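Ligands are counted one by one from 1 in listed order, and the atoms in each one are counted from 1 as well. Just so you know, these numbers come straight off a predicted model, no measurement behind them. We number each residue from 1, following the sequence as shown. What you see below is based on every heavy atom in this structure, not just the backbone, and it leaves out hydrogens, waters and symmetry mates.
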Amino acid sequence: LDNGLTRTPPMGWLAWERYRCGIDCERDPKNCISEKLFKDMADRLSEDGWRELGYVYVNIDDCWSSMERDERGRLQADPKRFPGGIANLARYVHDRGLKLGIYGDMGTHTCGGYPGTNLDQIETDAQTFADWGVDMLKFDGCYSNESVQAEGYPRMSKALNATGRRIAYSCSWPAYRGGLPPQVNYTQLGEICNLWRNYGDIQDSWDSVLGVSDWFFKNQDVVGPAAGPGKWNDPDMLIIGDFGLSTDQSRSQMALWAIMAAPLFMSNDLRTISSGARAILQNKAILSISQDPMGVQGKRLLQEKSGIDVYWRPLSDNGSALVFFSRRSDMPYRYQISLSKLDYTTGIYKMYEVFTGKVGTVEDTSEFTVSVDPSGVVMLYVFPPVKRHRQFHA
Ligand SMILES: OC[C@@H]1[C@H](O)[C@H](O)[C@@H](O)CN1C(=S)Nc1ccc(F)cc1
């Protein structure tokens with residue numbers, strides 16, 4: 001969507017995977033969906049170096065609202081869990097140099113059973129969110145149908161624009177239509193949405209992360225070309241820092257999401273996150289690959305019989321990123337390859353390993369070896385090639 005927003009994949013924090021629809025603030029005040037939770041995360045993003053690295057969105061998901069609209073038919077926050085209201089929370093977030101995201105649903109109810117947005121409420125709800133100072137809307141598709149979605153998702157895009165406030169628009173529409181043509185029109189999506197969920201919800205497990213990633217790379221020739229500045233495929237949240245992934249698997253999710261030019265929405269507890277998880281999420285080399293201004297989505301190049309996959313993303317100024325991933329479950333695998341075998345042009349290349357900081361220089365035809373852990377990755381930033389100087393002839 002050409003609204004000047006998300007010119008690189010948006011980054012921030014989204015409540016859903018880690019906090020779901022936990023509304024029992026009496027028994028579980030630290031983890032329930034409440035203004036305190038989002039203020040806590042805004043404090044961490046602004047005090048622990050996240051904001052400076054680009055993680056600027058603090059996004060509310062399902063279960064934030066009252067079960068009733070107000071007397072003017074407007075959505076309203078649950079008064080007990082958000083006593084200050086959404087406008088106040090937006091001010092708190094904005095005061096910390098961050099942006100606030102909110103959640104709605106193009107249907108009678110949200111997936112969690114809260115009030116949805118019917119076709120005749122689209123303009124009202126867009127205006128409400130703009131009046132509150134909201135900066136992004138995730139528009140879900142539960143309790144809906146194909147024709148309501150076909151009319152509603154474009155109409156909400158226009159309604160958000162008509163408010164005059166710049167609000168990034170995340171559409172769950174393709175995920176409810178099977179994610180692929182002909183049910184999904186990726187050209188239209190790129191015109192009306194800034195990002196879109198193509199596939200099922202991510203859960204806190206390696207199986208889920210790998211299943212989501214495999215769907216996107218299996219369908220890379222269809223979904224890849226749809227992405228670019230202002231319009232992104234969304235494989236769902238980063239679960240790094242939660243309970244289900246090992247260090248290697250956390251590095252794999254971060255590396256694969258960067259190759260996919262995916263939005264980077266963490267769903268974790270920034271108040272207690274481990275230093276290891278934080279180091280992966282704050283890895284500057286990976287973030288610069290993710291946020292590359294060209295915004296070209298990467299692809300899977302090879303699936304070797306050994307269980308090694310090779311992924312590649314073209315970057316600005318003729319740079320590129322490579323990821324070697326191991327599907328094996330035995331021991332680190334020493335994978336030998338050369339850049340010319342990966343269709344790199346003739347030249348001399350400097351390479352930077354993003355997790356170890358190791359630097360190497362290879363000619364396109366010379367073989368090098370990477371040792372890849374089971375369910376882990378080796379990720380390289382490959383500098384632009386230095387052309388081999390013609391041998392000077394006396
Ligand atoms: O309720 C909201 C929740 C999150 O926003 C996800 O990111 C959305 O994809 C939708 N969603 C959930 S749990 N959706 C859903 C998932 C499984 C199911 F059987 C019925 C609904």
Problem - Shortest protein contact, atom 20 (C) of ligand 1 (heavy atom only) - result: C142 SG, 4.8 Å

Handout entry: Basic-acidic side-chain contact under 4.0 Å: R44, D48
Key = yes

Handout entry: atom 12 (C) of ligand 1 protein-contacted (non-hydrogen atom, under 4.0 angstrom)
Key = yes

Handout entry: No-hydrogen, no-angle side-chain donor-acceptor test under 3.5 Å, E304 and Y335
Key = yes

Problem - Flag for N59-W16: side-chain donor and acceptor within less than 3.5 Å - result: no

Exercise for the section: Name the closest protein heavy atom to atom 3 (C) of ligand 1, giving the residue it belongs to and the distance to 0.1 Å. Expected result: W16 CE2, 3.5 Å

Exercise for the section: Tell me yes or no: between the side chains of W196 and N233, is some donor less than 3.5 Å from an acceptor? Expected result: yes

Handout entry: Modelled atom types, side-chain donor and acceptor of N3 and N161, under 3.5 Å
Key = no

Exercise for the section: Kindly state if atom 18 (C) of ligand 1 has a protein heavy atom within a strict 4.0 Å cut-off, that is, under 4.0 Å? Expected result: no

Handout entry: Taking every non-hydrogen atom, the tightest pair across D43 and Y92
Key = OD1-OH, 2.6 Å

Handout entry: Numbered atoms and elements of ligand 1 in range of K138, under 4.0 angstrom, heavy atoms
Key = 4 (C), 5 (O), 6 (C), 7 (O)

Exercise for the section: Anything under 30° is parallel, anything over 60° is perpendicular, the rest tilted; go ahead and classify F139 against Y169. Expected result: tilted

Exercise for the section: Please could you name the atoms of ligand 1 that Y103 approaches to less than 4.0 Å, counting only its heavy atoms? Expected result: 2 (C), 5 (O)

Practice task
Look only at interatomic distance and state if D62 has a nitrogen or oxygen under 3.5 Å from any nitrogen or oxygen of ligand 1.
Solution key: yes

Problem - Contact check: D201 vs ligand 1, nitrogen or oxygen atoms, below 3.5 angstrom - result: yes

Problem - Proximal ligand 1 atoms for D61, defined as those under 4.0 Å from one of its heavy atoms - result: 2 (C), 4 (C), 5 (O)

Problem - R20 heavy atom under 4.0 Å from ligand 1 - result: no

Problem - For atom 10 (C) of ligand 1, the protein heavy atom that lies nearest, with its residue and separation - result: D140 OD2, 2.9 Å

Problem - Contact list for residues 230-239, test salt bridge (Lys or Arg N to Asp or Glu O under 4.0 Å), sequence neighbours left out - result: R197-D236

